[in-house]
Amino acid sequence: MSGSRHIRQAAVLILLCLGMAALPARADDAPAGGANAVYSPGGAKVCMACHNSDIEENGRTYKEATPILQTPHGMKGDPHSPFADHECETCHGPSNAHVEGTADKRPEPAIVFRGPNASPVDVRNQVCLTCHQNGLRMDWAGSQHQNNNLACVSCHTIHVSKDPVLVKFTQPDVCFRCHAEQRALSMQFSHHPIREGKVVCSDCHNPHGSPGPKLLKEVRVTDTCYNCHADKRGPFLWEHQPVREDCTNCHNPHGSVNARLLKEKVPFLCLDCHAATNDMGGVGVSRLSVAAHSSSLYLYGDRSCLNCHSQVHGSNSPSGSTFFR
Amino acid sequence: MPPKARTAAFSAACILIVAGAAHAATGNALDIWATTLPPAEDGQLAVNQVTFGVGGATQSSPYFGRYNGMPSASAGFLGGWNIQRRDAWDSGTTQYFSTIATDLNFGFGRVAPEADIDLRMGEQGKWSAFANYDATTYVSGDAYLTTLDKNGILAPGYQALLIAAGLYFTNAATPPPAAAKFGAFNASTHLATSNPVTVYGPGEQLSTGIGTRRDKGTVGASADLDNWVVSAVFSHEHKGGSLEQAMTTGGNNAGMVTFPMPIDYDTDNFVASAAYSTPDFQVRLSYIFSNFTDNNSNGYAFQGWNFAAFRDTTVTPNAYTSYPKSGVYSLPPSNQAHTVKAEVGYNFDPTTRLYATFVYGAQLQDDPFAAATQLGYVLTNPVLSAQLASNPGSLGGFVQTFFANVTFTARPAPKWDFKVSYTADARDAQTTPMWIYGDPTDTTALKYREAVPESWLKQNIDIEAAYHFTPSTRVQVGYKFSDAQRTNAITHRTTENEETVKLTSTFTPAWTGWIGFSHSDRTASAPDYSLWLVQIQSDCGATLALLGCQQVPFYEAARRQNAVSGMLMGTIDSATTLSLYGKFSDDHYGLPPAVYNGVTMPSVGVYHDYGAQAGPDLTHQFNPDTEVHLFYTFQRTFRGMRALNDQNQPTVPGVFYYQVQSTYDIHTAGAGGTWRASDKLKIGLDYTYSYGGERFNQSGSWNTDEAGQIFGGDPLLSTGSGIHQIRLHATYDYSPATSMYIGYQFDSLAMSDWALIGPTVGQVLSGNVPPNYNVSTIMAAMTVRL
């Protein structure tokens with residue numbers, strides 16, 4: 001099929017979807033807590049009367065909730081804050097039944113965010129998205145993490161003075177709970193300084209959703225890398241096309257067994273595309289093949305191909321067409 | 001300068017330490033030097049406290065100190081804080097202030113090499129402001145051997161380096177005297193060495209430290225205006241130091257020299273944005289400006305690197321046996337980028353949403369070109385110098401980028417989810433293609449090549465539909481069509497169809513997991529090798545007769561990919577959690593046939609690669625005071641490629657082609673635990689081991705047998721590196737307001753890599769020897785809670 005035909009088909013699909021928007025909402029979108037749920041008349045002070053310390057009840061430990069009062073969520077004076085409205089019940093839903101209950105017969109709040117009785121993920125996330133669907137979270141719907149049924153509280157901790165995922169030196173721990181591959185790569189000899197606390201996952205990724213690949217902050221891999229490596233941006237007189245296209249053609253940004261985060265050891269990385277290119281000398285012998293580079297030290301020693309072709313990201317020298325200069 | 005002797009530089013005074021692992025999060029925990037703040041416990045990060053202490057390391061190792069600012073055996077002070085103040089929650093006012101500082105380390109031979117200080121303040125709901133300072137150091141080596149220093153000056157033992165018979169280069173403006181001490185390039189290794197008749201002696205080459213430091217300052221502010229938030233952020237970063245670099249001083253395997261490339265960069269970024277948001281409608285407009293300045297490209301003494309080469313005409317008056325490339329070594333040109341971004345999101349209802357992004361970018365670069373050559377015979381030749389003079393003075397580089405994405409998600413019916421997305425990504429190189437005179441090929445002409453930038457348009461349509469069999473079980477199918485069109489590329493067009501299936505389910509209240517499968521087929525248009533013809537005409541010949549110029553890059557080649565992945569997470573019992581993860585992805589590339597002298601033959605390049613990852617992660621709590629964490633991750637990456645051995649013998653089996661199959665394995669394992677020995681004392685022990693290795697399998701006949709070569713033969717040796725880290729730490733709470741931390745960490749790296757083995761004495765090879773180390777670090781700190 002031609003590309004233009006696919007584009008026309010996509011446009012038709014989009015129009016159909018917009019028509020679907022007129023359909024009624026799903027039955028499971030009913031208010032949390034049921035139609036008869038009411039808000040507690042005492043507000044947060046009633047909640048804090050019990051939740052001002054850890055609670056052991058029915059074989060479970062409920063952590064102290066009052067640290068939220070030291071966070072933006074707990075600022076009653078900000079009209080955008082949940083505490084400006086129904087305080088705790090802005091997020092947990094009308095929960096007077098929970099307040100009125102007794103230790104042996106206490107229903108959960110209307111919306112529970114953690115534990116075995118946690119509310120459905122969609123319900124929990126809708127609470128957060130009511131206020132936080134802007135900024136970095138605009139592309140959450142349909143994103144990879146949403147498709148994997150992640151709740152906001154899978155990564156965020158709300159009832160603490162400082163959410164660890166929002167702090168540079170504790171954020172990687174949160175991501176590595178699921179992303180074991182990246183944890184392992186970050187521990188290789190060649191790595192971005194993640195475990196040293198200088199680079200964090202959110203320096204490159206937007207876990208809330210992104211129109212670019214791999215949940216990157218920018219819309220392209222190259223643009224993400226240029227945020228810190230602007231010396232590679234160019235444009236250059238002599239371009240190296242795989243560099244222009246995608247830095248991950250050669251590099252693994254999370255870590256590698258090879259130096260300089262290279263995915264493959266040189267010269268084999270270069271030979272992936274240059275297994276046969278002839279030499280400038282025109283002597284009819286393939287220069288970049290192993291046999292023709294008569295000095296194995298050139299080909300394998302130290303920086304291998306980069307011993308001479310060192311301007312591999314691009315050159316701005318008139319004599320740099322083969323990245324020697 | 002000899003390598004630093006190993007010393008045990010303990011501080012006799014206090015020895016305190018840092019944060020160890022976070023609640024037995026072995027392997028996840030940051031490096032012992034990463035932060036001087038206590039760790040997060042049970043998901044809570046302690047605030048309103050100041051930490052200060054002293055620490056030391058026993059061994060000098062630039063590789064251990066690569067990112068932690070401690071490459072030398074030394075001791076020093078360390079500190080940090082985490083403080084926040086906020087108006088009472090029910091006071092009606094919302095002023096706040098917070099500051100976090102980590103790695104305020106002094107002594108250790110450096111000034112706060114990894115410091116990070118962050119200040120934030122504001123009136124929540126009205127305005128906010130922040131400032132941040134961040135330092136990052138990178139140490140590559142402390143004994144990098146070079147023939148040239150950072151300023152292009154030859155090492156003291158050299159007055160000139162002999163490139164070829166009668167041709168040499170020197171930093172002097174005139175040829176060196178006949179009695180000058182010459183360096184030369186070994187005919188076998190092509191590395192610079194001292195005078196051939198003398199063994200290299202100490203002091204005749206330079207040994208220098210290689211590394212960089214970034215210092216970045218960022219300030220920003222925002223204001224809340226009803227449903228609007230406007231903000232501006234400005235950052236400035238300076239990066240200085242040097243990086244290891246190498247280059248050839250001539251063509252046809254002429255001499256290679258290593259040198260410390262000067263780094264002196266400034267990068268400025270400015271971001272302004274205005275965002276409007278309501279629960280159902282959001283818009284954000286942003287402008288981003290980035291300016292990169294290489295302070296070496298203008299006004300630096302040599303404008304990069306200059307090599308003044310001289311030919312002794314008494315030796316070879318007219319004939320040239322090599323093609324010298326002596327000239328200025330260019331450095332990254334200064335450049336700018338402007339980006340305008342618009343995002344809009346609209347909720348038709350709680351389950352139906354439209355999101356769109358539009359991004360326009362412009363990249364500009366117009367630094368003066370470095371001189372093509374400094375060779376005397378070129379500059380004095382009227383024909384060649386006229387050719388050089390006809391070159392443009394700069395690139396006038398201008399590249400536009402366009403990006404658009406529209407995503408629609410909906411729940412059109414009970415139990416159904418639907419998503420459709422369209423993305424377009426374009427690079428429009430507006431830089432005028434130009435012909436440039438460059439490398440001299442002989443005494444009569446300079447090489448004349450055309451620089452043609454690449455442009456592309458990449459589009460994809462992504463459709464996903466999911467059905468909820470039960471509230472906890474969901475199956476999703478997806479289809480994605482991708483189309484990429486490129487100009488000035490080998491492959492002008494590729495299209496790809498990808499199908500995906502994914503099942504997600506919470507099987508029991510205690511267990512949840514998912515498994516997914518994807519299949520994609522990418523087709524590529526017939527390759528157009530004329531690009532090689534244009535850009536490296538003399539290499540490929542006018543008729544592309546040589547097989548050597550018929551190869552398609554793997555990222556443009558036809559490909560079939562299959563991938564399967566899955567994860568299972570849950571609780572075995574009330575005290576034990578377990579997760580299992582696995583992934584396998586397999587690619588087969590369709591390389592088009594090539595034609596050589598009228599004979600069709602298989603072309604060369606990557607034909608197969610695959611990757612696999614798997615591993616468990618287990619946490620068990622023996623009792624409320626004791627917890628253990630175990631994990632293991634295995635990764636394998638394989639790549640098989642076919643390369644050209646000697647295209648002059650196309651009919652000789654085994655001689656024409658050779659294959660290399662590279663297999664990379666990574667094993668990472670960790671074990672750790674914490675034990676609260678008493679109400680006041682908590683002890684932690686963590687161990688991690690990570691191994692990375694490469695194996696090579698080769699077939700086909702090839703060799704590199706020169707006398708004295710160490711890499712000759714088939715197959716290549718395996719390489720590998722193993723890193724151990726053991727950390728023992730304890731926290732003692734003297735009082736509700738004070739705690740003491742003490743800890744010991746041992747780090748060990750052992751690496752074997754044939755690329756880092758030097759040849760013989762007298763060869764000036766860079767000091768990149770295997771970076772092995774064994775370093776003990778002892779640190780202690782006191783925390784005062786405010």
Side-chain angles (χ1 to χ4, degrees), chain A residues 3 10 13 17 20-21 26 69 74-78 134 138-139 141-142 157 160-162 164 169-170 173 176 180-181 184 187-189 193 195-198 211 219 230-231 233 235 237 241 257 271-273 275-276 278 286 289-291 295-297 300 307-308 310 316-319 321 324, chain B residues 28 31 34-35 40 43-45 47 67 89-90 92 94 124-125 136 189 246 248 256 267 277 282 292 330 332-333 345 348 352-353 357 370 372 395 397 399 403 405 408-409 412 419-420 422 436 438-439 449 461 483 539 548 553 604 606 613 633 643-644 647 668 690 692 702 704 709 711 721:
Chain A
L13 281 168
C17 295
M20 289 180 184
R26 283 171 39 173
L69 302 179
M75 292 291 104
K76 197 170 179 64
D78 178 4
N134 55 355
M138 289 175 71
D139 201 17
T157 309
V160 292
S161 305
K162 202 82 176 179
F169 56 87
T170 49
D173 282 356
F176 288 159
E181 174 189 351
M187 300 175 74
Q188 292 306 300
F189 173 66
R195 51 192 170 95
E196 289 86 353
K198 304 310 296 184
V219 296
D231 52 314
R233 181 166 57 205
L237 171 63
Q241 290 188 349
V257 302
L271 293 180
D272 285 346
C273 296
N278 198 3
S286 178
S289 66
V290 174
S295 166
S296 62
L297 195 65
Y300 297 107
N307 285 327
C308 297
S310 51
N316 213 48
S317 166
S319 295
S321 61
F324 279 12
Chain B
N28 297 353
D31 210 291
T35 176
Q44 306 218 29
L45 193 67
V47 297
Y67 285 120
W89 71 277
D90 56 353
T94 60
Q124 183 179 326
T136 304
T189 65
T248 176
M256 182 201 87
T267 306
S277 64
Q282 306 88 32
F292 169 78
S330 67
F348 294 91
T352 308
R353 179 172 176 80
T357 305
L395 179 65
V399 170
F403 181 90
N405 169 265
F408 180 81
T409 55
K419 172 185 170 182
V420 61
Y422 168 78
I436 298 286
D439 306 321
R449 303 183 187 274
I461 300 169
D483 179 283
D539 292 3
V604 295
V606 178
Q613 303 95 33
T633 305
L644 188 66
Q647 63 185 355
T668 309
S690 61
W702 66 272
T704 60
Q709 288 301 303
F711 308 119
S721 64

What's the shortest heavy-atom distance between [X] and [Y], and which atoms?
X	Y	value
A:Gly142	B:Lys419	O-NZ, 2.8 Å
B:Thr357	A:Pro211	OG1-CG, 3.8 Å
A:Pro235	B:Leu395	O-CD2, 3.6 Å
A:Ala141	B:Arg353	CB-CD, 4.0 Å
B:Thr94	A:Gly77	CG2-C, 3.5 Å
A:Ser310	B:Ala246	OG-O, 2.8 Å

Given that the side chain runs from C-beta out, which part of [X] has a heavy atom under 4.5 Å from chain A: side chain, backbone, both or neither?
X	value
B:Gln613	side chain
B:Thr409	side chain
B:Val47	side chain

What residue in A:Asn134, A:Asp272, A:Val257, A:Leu69 has the most heavy-atom pairs under 4.5 Å with chain B?
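Winner by heavy-atom pair count: A:Asp272.
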
For the CG atom of A:Asp231 and the OG1 atom of B:Thr267, what is their distance to the nearest 0.5 Å?
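Those atoms lie 7.5 Å apart.
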
Reported OG1-to-CD distance for the pair B:Thr136 and A:Glu196, which is rounded to 0.5 angstrom
10.5 Å

Applying side-chain hydrogen bond (donor to acceptor under 3.5 Å, both in side chains), name anything that partners A:Asp139, two or more places apart in sequence or on another chain.
none

Residues which pass side-chain hydrogen bond (donor to acceptor under 3.5 Å, both in side chains) with A:Glu181, listed by chain and number, not counting sequence neighbours
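Once residues adjacent in sequence are excluded, A:Glu181 has no partner under the side-chain hydrogen bond (donor to acceptor under 3.5 Å, both in side chains) criterion.
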
Does any part of the side chain of A:Arg233, heavy atoms only, come nearer than 4.5 Å to the side chain of B:Phe292, both counted from C-beta?
yes

So, do A:Val219 and B:Asn405 sit near enough that their side-chain heavy atoms are less than 4.5 Å apart?
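The answer is no, as the side chains (C-beta and beyond) never meet within the 4.5 Å cut-off.
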
